[in-house]
Structure formats: C-alpha cells, structure tokens
Amino acid sequence: MTDPISGKQRNILDAFPMPSHSTRHQNTNAFDEDAYQDYANMLDDVMKQASSWYKGSQEVTKWLKSEERLMEYHLPTLDRAIREDGVDPNDMELRDELEKQRVDFLEKLSIDEKDYELAKNILIKIGRVCASRAKSRPLDIAWEKVKEAGMYMKDDTLSNYLYVVSTYPSMSMSLGPFESIFDVFDPSKESENENDIDSTKFQEDGESRKRDISEEIAAFYDCIYVPTEQSTSVRVKALVRKGNAKGAEMLLENSGMTKLRLRSFQPILKQYLQQGDLRAALSLYSRMRSEPNVNLDAETYVQVIANIAEKGHFCHDSLPIDGVDEYGFSTSNGPEFLDQLVTDMSEDVIEISSALAKRLHTAIQKSFKDKKSGRNLEEQHPLAPLKQEIDSAEADETLACRVTIDKTTGACPRSGARLRLIKLAKSEREHLKTKLFELADTLQKNFVKNRKKKDKPQPKVTASKMLQSFSAWLDKRKGKPFTAIVDGANVAYYLQNFEEGKFNFHQIKFMVDTLEGMNEKPLVVLPSKYVGKSFYVIRGNGVQKQRLSEVDWAILNRLRDAGMLYVVQENNLDDLYWMLASISEQEKSRQGVSLDVSVEDPSGRWPGTRPMLVSNDQMRDHKLGLVEPRLFRRWYASHIVNYTFTGFVGDECVDDEIMFSPADFFSQEIQSNISTFGFSEGTGTRVWHFPVNDWNENERFCLRV
C-alpha cells in the first residue's frame with residue numbers, strides 16, 4: 001500500500017507502531033503501561049472528588065499511585081478455585097489468606113488501619129466511577145491492588161467490579177495468551193494445542209499473571225460469598241473459552257444455584273455442539289428445558305436443530321445418537337427426531353427471524369444435498385435472502401424454503417398442507433381469566449395512586465371482585481348467548497377527531513343494528529362515564545363537555561332494555577371486561593353448545609370463533625404484562641374483528657355499510673400439519689411452518705424431511 005503523500009510503501013505495522021522495550025517493560029512487577037495510564041487518570045479524578053474526606057498518608061498515597069507491585073501476594077485458594085472449577089463459600093481459607101496478606105501489607109508500607117481503610121474506599125470509588133463511565137481498564141490495576149493489599153471487599157463492591165469487567169472488557173485482557181497484537185504474529189507465542197488456552201498458567205512468584213480478570217473476580221466472590229447467577233455465568237464463560245465445557249457444566253451443578261437462567265447454559269451448549277458432542281449437548285438441552293427459570297429462545301432451538309441436521313441425523317437412513325433415550329427422547333434419528341425437537345420449540349417459541357430461517361435452510365441443504373429427496377435444495381448465497389418458492393413439491397421431496405400461505409385457505413403452495421387456527425384451550429382460557437383478575441387489581445391500585453384528586457374515597461370493592469361479578473353474570477344469565485362483544489367506546493370515538501366530532505352514540509347503534517342483521521347477538525361494553533348526564537371529551541384541539549341528548553338516552557335505554565349493555569364502574573378498565581366476555585363460557589345460555597360458526601353455516605354468517613370481539617384497539621397496553629405472548633396471540637387471532645365505516649357527523653352517515661375484517665384464518669405461530677399432497681388416501685407427511693418476524697405476515701419458512 002502506497003502513502004498518498006510521501007509515496008512510500010506502507011504496511012499493517014505502520015498502523016500499530018512496535019512497542020518499545022523500555023526498562024519499564026523489563027520490570028516483571030510493572031503494570032501494563034496503557035492500563036496503568038487509564039487507572040492513573042481515573043485515580044486523579046476520584047481523589048479530586050474525595051478531597052473532602054481522603055487524608056491518606058504519603059506512604060499509602062504513593063502506593064495507590066505506584067506503577068508496579070510493591071510486594072507479592074499469595075492467594076493459593078483463589079488459584080485453586082480457578083484451576084479446579086470449584087469453591088466452597090463456607091471454606092475460610094481465602095479469608096485467612098487475605099488476612100495474612102493484609103497484615104504483611106500493613107507492615108511492608110508501615111501504615112495504620114485508618115490509611116488502609118482510606119485506600120480501600122478509594123478503590124471502591126474507582127469501581128463505581130468505572131461503572132458510571134462504562135470503562136473497565138482502570139480496574140485491571142485496581143484489582144491487582146486489592147489482591148496486593150489483601151482487601152476483604154463487601155459483596156456489593158465485588159459485584160460492581162464484576163459487572164464492569166464482564167460488561168466492558170478491556171482490550172488489554174481480550175487477546176488470550178498474547179501480550180499484544182504483535183504476539184499474534186510471533187511463533188514463539190503459539191500454544192502447543194490451539195484449543196489449550198489455559199488462562200490459569202502463571203509463574204508462582206507472581207510474575208506474568210495474565211489471567212482473565214472477570215473469571216478471577218467471580219472466583220474470588222464465590223470463595224467468600226454464596227455464588228450468584230452473575231458470578232456463575234462469568235466463570236462458565238471463562239471455562240468455555242478454555243475449551244472446558246464439561247468443567248463449566250460441573251460448575252453449574254455444584255454452584256447450589258436454584259435460579260439459573262438461559263445465559264448460564266448457552267455457552268456450554270454452544271461448545272458441546274461445536275465439538276460435535278451431541279450426547280452431552282442433548283443431555284444439557286434436556287436439563288435446560290426442565291429448569292423452571294430457563295426459557296429457551298428461538299436462537300437456542302435453531303442452534304440445536306441446525307447442528308444435529310448438519311451431522312445428518314434427520315435423514316431416514318441415519319444412525320441414532322447413542323444414549324440419549326435417557327434424556328426423554330423416544331428416537332434420536334430420522335424425521336421423527338426432528339419432529340420431537342421442533343415440537344419442543346413450538347411450545348416455547350412463536351416465530352423466528354429471517355437469519356434463523358436461513359440457518360435452518362443451510363443446515364438442511366448441507367445434510368440432504370447428496371440425497372434423492374434433497375435434489376431441489378439449492379445452496380444459496382450467505383448474504384442473500386431466501387427466495388420464494390411456489391411450485392408444488394413431490395411427495396418424497398425434502399423442503400426447507402420460503403413460501404407464501406394463501407390467506408383465505410391457509411394452503412401452502414409447496415407442501416399442500418393447510419395451516420389452521422389454533423384456539424385457546426379451556427385451560428388456557430381459565431389461565432387468561434386469572435391473569436385478567438390480577439391485572440384488574442394492579443391497574444386499579446395504580447389509578448387510585450396517580451389520580452389528581454387525592455381526597456376521593458378509596459374503592460369499596462376491588463376491581464378483581466367486580467370483574468369476577470361480571471364473569472358470574474355472563475355464566476348465569478338466561479337467553480341467547482352473546483356472539484359479538486362490542487368495544488363501545490372504541491366504536492363511538494371512531495373517526496370523530498374533528499371539530500364537530502363527539503362520542504357518537506349513533507355509531508354504537510349503527511354497529512349493533514348491523515351485527516343483529518348478520519344474525520349475531522351483540523353485547524356493548526361501556527365505561528360508566530359515558531352513561532351519565534355529561535362527560536368531557538377531546539374535540540378538535542381541546543377538551544369540551546358533552547351532554548347526552550334525548551336521542552342518546554333513547555339509544556342507551558334501548559340497549560339496556562334488550563340486555564345488550566354492560567356498564568363498567570368507575571376505577572375499572574373496560575378493556576378487561578370485553579376481553580373477559582370474549583372468552584366467557586356463558587354456561588347457562590350456551591348449555592355446552594359451541595358458538596363457533598362453520599364454513600358451511602346455512603345462514604351465511606362468516607365462519608370463525610364466537611364470541612368475536614369488535615374493536616380496532618391494538619391492545620398494546622395489555623399484552624406485554626398480561627400473559628405469555630403465545631396465549632395473547634392465540635386469543636387475539638381467534639377473537640378480534642376489525643371494522644371500517646364512514647364516520648358519522650351528528651346522526652348522519654353517507655354510507656350505510658360496515659366493512660369487517662374477520663379474525664385470522666390461521667395462527668401466527670409455529671405449527672405442524674399433515675400434508676396428503678402426492679400421497680395415497682389415508683397417508684401423508686408432517687410439515688412444519690414457522691412465522692418469520694421480518695417477512696410479510698403470510699410468509700412462512702416451510703420445513704419437511
């Protein structure tokens with residue numbers, strides 16, 4: 001490469017000047033120069049902030065500013081904890097070693113306990129400032145001084161140090177066994193085995209202690225306090241970096257932790273898969289799925305499935321993986337093995353990303369490229385998106401492709417399988433009800449706490465009790481069951497955001513009349529503020545009082561008399577009421593008969609789930625804290641019906657028709673269905689379809705082996 005100014009040839013080393021071999025670098029007790037400079041700058045800032053209370057002696061101040069260790073430290077228990085991957089917080093050895101180091105340190109520097117505590121507080125403060133500035137390199141030196149002084153830090157200080165060094169790792173500690181970037185090109189620095197990167201190797205006299213600081217702080221913490229999820233995860237990652245997946249798994253087992261999370265297991269699982277140790281990987285996978293606090297994500301499942309696919313274990317003629325039947329697998333090879341894993345995945349994951357779809361395609365293509373069934377699986381450019389496939393596949397063909405599902409029939413063009421709408425089971429409806437009751441009380445407490453008029457009396461009845469009363473009313477009432485729940489406020493405000501706009505009762509009447517004309521039985525849910533003499537509404541650019549007219553009263557009274565109105569009392573959220581109504585059993589009025597409408601309905605009603613919920617509310621306020629995303633999605637897809645009509649001006653509307661967008665025809669979640677396309681009568685094959693969150697709504701990743 002030629003310098004555009006001087007015309008001289010340049011190379012990569014011009015960007016990284018060779019380090020000078022100064023006397024400082026020859027001093028084995030000297031700290032890393034760059035790390036020390038960052039530490040010194042941080043120390044200056046902290047001492048300025050601490051000027052009002054730091055009155056340390058010249059000796060302790062000199063030690064804090066020292067560019068090298070003034071004495072060796074000997075903490076064999078810490079070294080052993082790292083080498084042997086195990087610690088016992090009840091073991092007092094490290095405490096005893098720290099105390100001996102502290103006594104020797106005080107004697108070496110000729111300082112008193114007051115000086116010692118001042119120095120300790122400075123190092124604690126450095127940790128806090130590093131956290132606030134997202135800088136970890138000063139802690140490379142601060143941690144060395146903690147050990148040199150034999151300091152017994154409180155758990156919150158160690159946790160802070162650990163957070164900083166594990167979240168913002170310094171460049172000086174990221175090169176593994178290499179001292180600098182130039183050592184990468186130095187043959188003398190190569191490990192005998194490229195996988196044998198042992199960060200615990202160091203000279204016993206204390207020189208060349210180039211160790212993973214985050215691992216050391218985590219082990220230090222675990223030697224003194226009860227291991228935490230943070231300290232355990234850091235040590236697991238460190239062991240995995242050294243290629244010791246089994247040691248990392250053993251550490252988890254011996255940690256005593258009862259609330260391990262996904263991040264504690266992921267590095268171990270990934271290494272087992274990379275090493276091709278599928279038995280160990282599936283053992284860990286089975287354990288992860290059984291842990292109550294571990295929720296496997298899409299990436300983890302795809303990682304497992306793709307790695308097993310690349311080893312060929314989903315092929316019909318593949319050999320089973322020995323010994324995995326004890327982990328709950330009924331088979332460990334062939335298409336049935338894939339079905340087991342994707343079934344697991346469908347219980348925890350709703351959709352995948354396009355990157356994960358591409359990963360699955362690549363793995364299946366690699367596995368089946370030499371098989372007859374994989375004859376149409378094309379290798380695709382790693383940076384190119386998966387292309388759409390529209391041609392019908394043959395019965396014996398392996399599929400791993402991008403397809404568009406017919407939105408009116410649910411049919412897949414490649415496999416011929418038809419996707420279905422997965423509704424809430426009875427147990428899921430009961431679970432959703434329970435969550436609604438819990439949410440009612442939470443929202444009521446927040447509302448009362450934040451309302452402007454603090455002198456208003458507290459509600460006499462809890463929101464959950466009132467919602468349960470509504471549920472009981474639905475179950476006990478006689479007459480025809482409700483088949484259409486109307487979000488009254490949503491309908492009345494629809495397209496009314498103009499100068500003469502208002503809460504329009506005529507629009508509610510219009511909706512009710514239309515639904516009755518479609519042979520539906522509507523129930524309108526309204527907040528109590530809209531059934532009083534007057535209320536405030538946002539109109540145009542301001543808030544104005546709206547008074548009910550005689551016609552408005554007539555509409556309300558007609559709904560009341562027909563038993564088609566339910567008024568939600570003050571301090572209660574109407575959304576919860578119409579959501580609950582949509583999943584109510586309506587025991588007495590239904591008498592166990594399904595309200596759903598079939599495709600062959602003779603009266604011409606559109607097919608789908610009943611009761612439907614007529615609303616344009618996207619419910620972004622509820623879904624995140626309500627229930628598991630899968631249940632919310634199943635409820636929303638099955639019950640919500642959107643609408644459009646020309647907004648009323650007063651009591652007039654230029655168009656007398658409402659256009660409805662019925663609930664989804666098929667579910668937006670991972671599902672399998674049997675395809676009979678190309679098979680003899682009574683036979684077929686299982687096909688999986690995955691929604692992809694960055695593809696179009698009706699696009700799916702289609703998988704069949």
Is there a side-chain contact between V342 and F690, using heavy atoms and a 4.5 Å cut-off? yes

Before you tell me yes or no, could you show the steps for V240 and K270 under side-chain contact (heavy atoms from CB on, under 4.5 Å), namely the whole-Å CA-CA distance, both residues' side-chain angles and the distance that decides it to 0.1 Å? CA-CA 9 Å; V240 168; K270 183 176 181 180; over 6 Å; no

Can you give me the closest heavy-atom contact between D222 and P227, atom names plus distance? OD1-CA, 3.3 Å

Looking at L474 and S584, what are the two nearest heavy atoms and their distance? CB-OG, 3.5 Å

Could you check R261, K259, R263 and say which one makes a side-chain hydrogen bond (donor to acceptor under 3.5 Å, both in side chains) with E229? R263

E215 side-chain N/O to A238 backbone N/O, donor-acceptor pair under 3.5 Å: no

When you look at L580 and K433, which way does the side-chain contact (heavy atoms from CB on, under 4.5 Å) test go after all the steps? CA-CA 7 Å; L580 182 106; K433 281 184 186 178; 3.8 Å; yes

Answer yes or no: is there a donor N or O on one side and an acceptor on the other, between the side chain of S286 and the main chain of L282, under 3.5 Å? no

Pairing of E397 and R414 as salt bridge, 4.0 angstrom limit: yes

Is a donor on one side and an acceptor on the other found under 3.5 Å between the side chain of N333 and the backbone of C315? no

CZ of F701 to NE2 of H689: how many Å apart, nearest 0.5 Å? 10.0 Å

Taking every heavy atom of D441 against every heavy atom of A463, the minimum-distance pair comes out as OD1-N, 3.3 Å

Lys/Arg N to Asp/Glu carboxylate O, E428 vs R634, below 4.0 Å: yes

Test log, rule side-chain hydrogen bond (donor to acceptor under 3.5 Å, both in side chains), inputs R700 and Q668: CA-CA 10 Å; R700 295 291 187 275; Q668 299 291 325; 3.3 Å; yes

Once rounded to the nearest 0.5 Å, what's the spacing between atom SG of C401 and atom CD of Q388? 9.0 Å

If only side-chain N and O atoms count, and only distance matters, is there a donor-acceptor pair under 3.5 Å linking S264 with S233? yes

With a 4.0 Å cut-off, would you call D277 and K246 a salt bridge? yes

side-chain contact (heavy atoms from CB on, under 4.5 Å) between M612 and F660: does it pass, once the steps are laid out? CA-CA 11 Å; M612 58 181 170; F660 292 98; over 6 Å; no

Using the rule given for side-chain hydrogen bond (donor to acceptor under 3.5 Å, both in side chains), can you reason through D297 versus T300, listing the C-alpha separation, both sets of side-chain angles and the distance that settles it, and then say yes or no? CA-CA 5 Å; D297 57 16; T300 301; 2.6 Å; yes

Distance check, rounded to the nearest 0.5 Å: I640 atom CD1 versus W635 atom CH2? 4.0 Å

Between S318 and G312, the two heavy atoms sitting closest are CB-O, 3.0 Å

Student check: side-chain heavy atoms of L360 and I352 closer than 4.5 Å: yes

Is there a side-chain contact (heavy atoms from CB on, under 4.5 Å) between N696 and T404 once you walk through the steps? CA-CA 8 Å; N696 293 332; T404 296; over 6 Å; no

Are side-chain heavy atoms of I217 and V234 found at a separation under 4.5 Å? no

What are the two closest non-hydrogen atoms of K358 and H381, and how far apart are they? NZ-O, 2.7 Å

Has D322 got more than 12 heavy atoms of other residues, nucleotides or ligands less than 6.0 Å from its CG? no

Is there a side-chain hydrogen bond (donor to acceptor under 3.5 Å, both in side chains) between Q340 and T331? Walk through the geometry before answering. CA-CA 8 Å; Q340 286 185 72; T331 184; 5.1 Å; no

Taking the side chain as C-beta and beyond, is there a heavy-atom pair between L262 and N295 under 4.5 Å? no

Would the distance check show the side chain of Q671 and the main-chain N or O of R420 forming a donor-acceptor pair, the cut-off being under 3.5 Å? yes

What's the shortest heavy-atom distance between H313 and L319, and which atoms? ND1-O, 3.0 Å

CE (M579) and OH (Y636) are apart, to the nearest 0.5 Å, by 10.5 Å

State whether the side chain of S214 and the backbone N or O of S166 hold a donor-acceptor pair below 3.5 Å, judged by distance alone. no

Taking C-beta and beyond as the side chain, do F314 and L341 meet within less than 4.5 Å on heavy atoms? yes

Is it true that R287 and E291 make a salt bridge, defined as a side-chain N closer than 4.0 Å to a carboxylate O? yes

Does the plane of the ring in Y577 sit parallel, tilted or perpendicular to the ring in F470? Use 30° and 60° as the thresholds. tilted

Rounded to the nearest 0.5 Å, what separation is found between the OG atom of S231 and the CE atom of M257? 7.0 Å

Any sub-3.5 Å donor-acceptor pair from D475's side-chain atoms to Q586's backbone N or O? yes

Test: K237 and D212 ion pair at under 4.0 Å: no

Within the side chain of S582, is there an N or O that forms a donor-acceptor pair under 3.5 Å with the backbone of H639? no

Non-hydrogen side-chain atoms of Y643 and N616 separated by less than 4.5 Å: yes

Derivation of the side-chain hydrogen bond (donor to acceptor under 3.5 Å, both in side chains) call for Q230 and Y221: CA-CA 10 Å; Q230 179 194 33; Y221 184 101; over 6 Å; no

Under 3.5 Å donor-acceptor, S594 side chain and D596 backbone: yes

Inspect the contact between R429 and E585 and indicate whether a charged nitrogen and a carboxylate oxygen are less than 4.0 angstrom apart. yes

Under 4.0 Å between a Lys/Arg side-chain N and an Asp/Glu carboxylate O for E378 and K387? yes

Between K369 and E379 (salt bridge meaning N to carboxylate O under 4.0 Å), is one present in this structure? no

Using modelled atom types and a 3.5 Å cut-off, is there a donor and acceptor pairing between side-chain atoms of R630 and backbone atoms of E347? yes

Check for a donor-acceptor pair, side chain of T434 on one end and backbone N or O of E430 on the other, with a separation under 3.5 Å. yes

Is R359 salt-bridged to E299, going by a charged N under 4.0 Å from an acidic O? no

Measure the spacing between CG of D391 and CG of N376 and express it to the nearest 0.5 Å. 9.0 Å

Could you tell me if the side chain of V614 sits less than 4.5 Å from the side chain of I485, heavy atoms only? no

Are the side chains of V705 and I364 in contact, using a 4.5 Å heavy-atom criterion? yes

